[in-house]
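Here the structure comes first, spelled out in structure tokens, and everything after it is commentary.
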Amino acid sequence: MTLLAFDWAFIIEKLILIVIIVLTTLLITLYTTFGERKVAAILQDRPGPNRAGPFGLLQPLADGLKLIMKEEIIPDASSRWLFIIGPGLAMTASLMTCAVIPWSTDLHLFGRTIALQVADVNIGILYIFAVVSMGVYGIMIGGWASNNKFSLMSALRAASQAISYEIAMGLALIALLMTTGTLSLKTIVEDQTAGHWWNIVYQPLGFVIFFICAMAECNRTPFDLPEAENELNFGYHQEYSSMKLGFYLFAEYVNMIMSSAIMASMYFGGYDLPFFDESTVAPNIAAMIGLGTLLIKIVLFVFLFMWIRWTIPRFRYDQLMNLGWKKMIPLALFNMLLTGALILSKL
Amino acid sequence: MNVLEIIFYALSAFALVCAIMVLISKNPIHSVLWLILVFFAISGHYILLNAQFLAIVNIIVYAGAIMVLFLFVIMLINVKKDSEPQKQLFVKFTGVIAGGSFLTLFISLVKQAMPLVGKTVPLKEGTIGLIHPLGKALFNDYVVPFEISSVLFLSAMVGAVLIGKK
């Protein structure tokens, strides 16, 4: 199947993979919102949503339906197009990360070897970094286009917070790259599987820095200053209604899942099931086991995010900035120097 | 016409349209957003040349960092269409002269590139833009200029901190 000197079967295979990954991510996101409410309920010693369906399992569907059915209001004084583009951009940026995440080992179907990764580019980590820095635009454009001073203020907060924590995040990543010697996520995961230690053993401090920065990038408590109700009414999505608001709220959860997947891949062996030799089972079964392992790791990280959110109160804005610039960045630099020194001493 | 050529022309047209929109947009925020799209189109061209590292760094640095700062500044000073003061004739005149000399510069550059006409760029091949050859070149052949430019950045950073402290 070649037309215009192009392998179209390859394109179709990738398209199907993209559709499956995006749909699954959205479905998982739907249930992450449910999980968040249940976790909050458990931590606060109350039953949580339990009316829609058995154990309240249909609650996310009801929530989604409610958001779609609500009246959509576009404020008169807003910049109409940017107001519409904002939530879409936030959602796109958060979904784009999944292109470089290696979900599992190769599948063998219909005589083809199907890699469970949309694109194994040799700059995978830089790609993630670029997408993360794009995520700011959805918030900034939405906040500005609303033509509301609280929205604008919150958007500026979100952007400056994201920029500040990106630096420490990048420095933590550099230390990781120094130990792995590659930017490809697939290679990083493969290096961790074959009888080696996971990267967390080599980079414990780097992981802690990365985790804190990921929390700040996702605008999760204790870093959810852009949504501080008591100071800013509601946040950058104050003027939004219906599914546009839903997109903003959803994007936060997608971000959370994606950063969990990245942390699992970079520091915790990705799809590697510990103490289990994948070569003893058929390749397709091994791929399924790998996928399941990665999903379990993601769920654990997402739970950690929620646990922190419902336990720790929000920072003050100056505390947030002090932590970012005066603690995280020097710590990340120190981690980088330490890693460099250790690598040098090993040579 | 193969796929690469189609992509090349589509990207070029996209880049040109976005660049023109940067100039004719009345609202400075819209200009900044169009400029971001221009950077994306340029990154697309880098990818066509198999220079993945350059492409992604272009997005991280320009679209991801510098343009965010531009947006910041414009949002904070809140430029409005009607409250913007009319420029003096003198300022407009200098603008025309500066722009004109820049145009001549560009035309002479294009003329110098005449020997390249008819030669094709190695699309989708070549490894110079990949991260390993680039890193080797930067840290072996060009290590002194590289380090000097990093000192330049450091001094800019120190200067910014100093101004911020005042």
Side-chain angles (χ1 to χ4, degrees), chain A residues 2-8 11 79 81-82 85-86 89 93 96 100 119-137 139-141 143-147 149 151-153 155-164 166-167 170 173 177 181-184 236 325 329, chain B residues 1-7 25-30 32-37 39-40 43 46-47 50-81 123-124 127 129-135 157 160-161 164:
Chain A
T2 47
L3 181 70
L4 285 164
F6 229 73
D7 185 10
W8 288 90
I11 301 271
S79 316
W81 280 109
L82 291 183
I85 290 172
L89 216 56
M96 263 165 71
V100 290
D120 181 22
V121 283
N122 67 4
I123 41 161
I125 289 182
L126 285 179
Y127 171 87
I128 289 172
F129 215 65
V131 173
V132 166
S133 58
M134 285 299 104
V136 181
Y137 283 114
I139 295 175
M140 272 187 105
I141 289 174
W144 181 79
S146 307
N147 203 5
K149 54 174 167 284
S151 299
L152 179 62
M153 229 134 72
L156 289 176
R157 269 189 182 190
S160 47
Q161 173 181 330
I163 293 172
S164 310
E166 250 169 46
I167 302 170
L173 276 182
L177 298 182
T182 174
L183 281 166
S184 155
Y236 52 86
W325 288 95
I329 292 178
Chain B
M1 220 198 238
N2 61 26
V3 175
L4 283 179
E5 274 180 38
I6 296 172
I7 297 175
S25 296
K26 283 264 155 52
N27 193 324
I29 298 253
H30 293 176
V32 170
L33 296 176
W34 283 113
L35 193 56
I36 294 167
L37 288 182
F39 287 134
F40 270 96
S43 278
Y46 282 141
I47 289 174
N50 208 16
Q52 302 175 358
F53 181 70
L54 278 183
I56 216 77
V57 165
N58 184 42
I59 288 182
I60 293 176
V61 174
Y62 285 96
I66 295 180
M67 283 299 120
V68 172
L69 289 184
F70 269 48
L71 267 188
F72 245 91
V73 172
I74 295 172
M75 280 177 183
L76 281 178
I77 59 176
N78 201 11
V79 191
K80 287 207 182 73
K81 261 176 280 176
L123 286 176
K124 225 182 103 182
T127 51
L130 295 184
I131 193 158
H132 284 282
L134 207 64
M157 235 157 75
V161 171

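Hydrogens, waters and symmetry mates are skipped; everything else that's a heavy atom, side chains included, is used.
- Contacts between L152(A) and chain B at a heavy-atom distance below 4.5 Å involve the side chain alone, from C-beta outward.
- The environment of F72(B) atom CZ is dense: over 12 non-hydrogen atoms of other residues, nucleotides or ligands sit within 6.0 angstrom.
- Of all non-hydrogen atoms in S133(A) and I60(B), the two that sit nearest each other are OG-CA, 4.4 Å.
- The side-chain hydrogen bond (donor to acceptor under 3.5 Å, both in side chains) search around S146(A) returns none, not counting sequence neighbours.
- With a 4.5 Å cut-off on side-chain heavy atoms, L126(A) and Q52(B) do not count as touching.
- We find the CD1-NE2 distance between I141(A) and H30(B) to be 9.0 Å, quoted to the nearest 0.5 Å.
- Contact detail for M140(A) and M75(B): the closest heavy-atom pair is O-CE, 3.5 Å.
- With sequence neighbours excluded, no residue forms a ring-ring contact (aromatic ring centres under 6.0 Å, His included) with F53(B).
- The structure places CG of L183(A) at 10.5 Å from CD1 of I56(B), a figure rounded to the nearest 0.5 Å.
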Item checked: side-chain contact (heavy atoms from CB on, under 4.5 Å) between M134(A) and F40(B), worked out -> CA-CA 11 Å; M134(A) 285 299 104; F40(B) 270 96; 3.3 Å; yes
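- Distance alone, capped at 3.5 Å, places no donor-acceptor pair between the Y137(A) side chain and the L33(B) backbone.
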